[in-house]
2 protein chains.
Amino acid sequence: MYEQVARVSDDVGMSPAPLYRQIADTMRSDITAGRFPPGSKLPSERELIDRFGAARGTVRAGLNVLITEGLITPAQGRGYQVQQHEVFTLDASRHENLLFSRPEDGDSFSNDVRHAGRAPHQEFRVEVTEASAEAAQRLQIEDGGRIVLRYCRRFVDDTPWSIQATQYPQWLVSENPRLSDPGDVVEGTTRYLADRGVKQVAFHDEWATRMPTPDEARELQIGPGIPVLVWVRTGYTSEKRPVRRTVTIFRGDLNRVTYDLGDTDALPTEEVNAA
Amino acid sequence: MYEQVARVSDDVGMSPAPLYRQIADTMRSDITAGRFPPGSKLPSERELIDRFGAARGTVRAGLNVLITEGLITPAQGRGYQVQQHEVFTLDASRHENLLFSRPEDGDSFSNDVRHAGRAPHQEFRVEVTEASAEAAQRLQIEDGGRIVLRYCRRFVDDTPWSIQATQYPQWLVSENPRLSDPGDVVEGTTRYLADRGVKQVAFHDEWATRMPTPDEARELQIGPGIPVLVWVRTGYTSEKRPVRRTVTIFRGDLNRVTYDLGDTDALPTEEVNAA
DNA sequence: TCATTCAACTCGTTTGAACAAGTTGAATGA
DNA sequence: TCATTCAACTTGTTCAAACGAGTTGAATGA
């Protein structure tokens, strides 16, 4: 009976929200209502100061809320712009079928991106290090054993997309030297290994999200308010032997992941999964 | 030839990093180096003002960087505390085997949480609405058709863990009325449906990350710097018929997800996957 | 002993000012 | 015409001051 009264007192009886939050709330609903569509420019701080009758610091505090929510991006000299994302979807469960793809198709990233009509680009770097305790455990090698780290930073149309670090145990690299080739392995490393008899028949995937470290934010060119997706895939051979551990950091605003599970015949043949 | 000179000028020749960023960088490395372990308190603003010789606003700007990185949390009157996470791992691929579990085990959430020695708690709410265009398409019903929305907010030891909204097409609820029961379906709704002949044999999962909306931040009790994981699972029967679409919002700092793919016999039997 | 009060601490909000630095487009001059 | 300059914008950084509001523990008093 007093439900509505209680609600009202939640709003009215409480001390009013601080001004900077009112500014944030107002601008947020203006954005989500479409009055400032993605890619458009917000009013300048000067205009907002006049509109809300607030000091500059207060206006900036309000805008900062929206920045940390990933809604807007500031640019010195140019104003604030509403974020516009273009989402790329990765089908992680399809990747287990990668071994059956044709070798001339190239690696799956370039493949997917080109299929979407975009231009892929990759940078590689290879390092040899000692395995950390965790890496050693996951790759089932002795503590402090050698591993080869294969870094890869990926771009789509020159926009940084993901950074990847794959750990291979030394014994595997010795038998498959192209893994330590700092250049691209055109057909993809998984395919390369499979062709040489090291078939990954099972994967353990882990997904998490967090804010990027400063290094990651720099490499992926993302500012505050944009989280990253962290993907850790461990690949196993049929002898239960782990052969690689890949850590991929995705820009959270640009990427989605899908898994198809169970009797895939029961799934719609043509997933019309527009975001 | 001038490569190195350019590099040096990037570091030395450039104007020094602004003071608030120096403060952020210093405090960040203090934290990551373990000088302020998780759960410990940072020096007060007053102390940092003295240590860095900066104005209070500048110190706060520095700390704000760490807040939006999810590293620290401020509390009025109590100071800044280094974040401490306790991560809960959800095995999403195991859930496809849920139908073969024993009915008396209860739903999988309560199950998992109790298995970890924690106290689960759930709140339910049910609504009947018209399907949005997207919902109608995904659930393969006519546009504007009725759907039943089943909300669930989950807690672990009274900490908000996730909020979930499941859409069921009206025809399914008519045949299985307990779906519109605002209370808990003890054995889990998937199990309940399976027992009544509606077996979900395939799933399409989508994962994404973003910053929470203000509503989500309130419901999950998370502040700036903590992203959410968004999980959308669509369940299909063997007749290729979608029967539900579940959207789950997880606190990103508390949750991890795993998938086991491929020939699971090749995976280590006892996953010692400590974070 | 025990509950209360309250001073001294903490962070939260807001103002106003000043200068630095990046961007843009119009005016300028070759 | 075309490149340059520069004024007038934009956001970025920093300072100083004041008051509000939550927390804590020691002093106080019953």
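Numbered from 1 within each chain, the chains take letters A, B, ... in sequence-line order.
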For [N], give its Watson-Crick or G-U wobble partner with both distances under 3.5 Å, or none.
| N | answer |
| --- | --- |
| C:dA17 | D:dT14 |
| C:dA30 | D:dT1 |
| D:dT23 | C:dA8 |

Would you mind reading off the distance between [X] atom [atom1] and [N] atom [atom2], rounded to a whole angstrom?
| X | N | atom1 | atom2 | answer |
| --- | --- | --- | --- | --- |
| A:I23 | C:dG12 | CD1 | C1' | 15 Å |
| A:K41 | D:dT10 | NZ | P | 8 Å |
| B:I72 | C:dT10 | CD1 | C1' | 14 Å |
| B:L19 | D:dC15 | CG | C1' | 11 Å |
| B:I49 | D:dA17 | CD1 | C1' | 12 Å |
| A:N64 | C:dT14 | CG | P | 14 Å |
| B:L48 | C:dC9 | CG | C1' | 15 Å |
| B:Q22 | D:dT13 | CD | P | 12 Å |

### Query
Does the pair A:R46/A:D50 count as a salt bridge with the N-to-O cut at 4.0 Å?
yes
### Query
Is the shortest distance from a Lys or Arg side-chain nitrogen in B:E134 or B:R138 to a carboxylate oxygen in the other one below 4.0 Å?
yes
Nearest to the side chain of [X], heavy atoms from C-beta on, is which of [options]?
| X | options | answer |
| --- | --- | --- |
| B:Q76 | C:dC11, D:dT11, C:dT15 | C:dC11 |
| B:R60 | C:dT15, C:dT13, D:dT10 | C:dT13 |
| B:R78 | D:dT11, C:dT23, D:dT24 | D:dT24 |
| A:E45 | C:dT14, D:dA16, D:dG12 | D:dG12 |
| A:A54 | D:dT13, D:dA16, C:dT15 | C:dT15 |
| B:Y20 | D:dG20, D:dG12, D:dT13 | D:dT13 |
| A:S44 | C:dC11, D:dT10, C:dT14 | D:dT10 |

### Query
More than 12 heavy atoms of other residues, nucleotides or ligands under 6.0 Å from CD of A:E130: is that the case?
no
### Query
Between A:P18 and A:R56, who's closer to the 5' end of DNA chain C by nearest nucleotide?
A:P18
#### Entry: Closest-nucleotide ordering on DNA chain C, the 5'-leading residue of B:R46 and A:V59
B:R46
### Task
Using a cut-off of strictly less than 4.0 Å, decide whether A:T58 has a side-chain nitrogen or oxygen near OP1 or OP2 of C:dT13.
no
### Task
May I ask you to verify if any side-chain N or O of B:R21 is less than 4.0 angstrom from the OP1 or OP2 atom of D:dT13?
yes
### Query
Do B:T246 and B:Q164 have a side chain donor and acceptor closer than 3.5 Å?
no
### Query
How about B:R28 and B:V65: do any of their side-chain heavy atoms sit closer than 4.5 Å?
yes
Mind checking [X] for me? I need base, sugar-phosphate or nothing, with any heavy atom below 4.0 Å counting as a touch.
| X | answer |
| --- | --- |
| B:G57 | nothing |
| A:A75 | sugar-phosphate |
| B:A61 | nothing |

### Query
Between B:W207 and B:Y259, what is the ring plane arrangement, given parallel below 30°, perpendicular above 60°, and tilted in between?
perpendicular
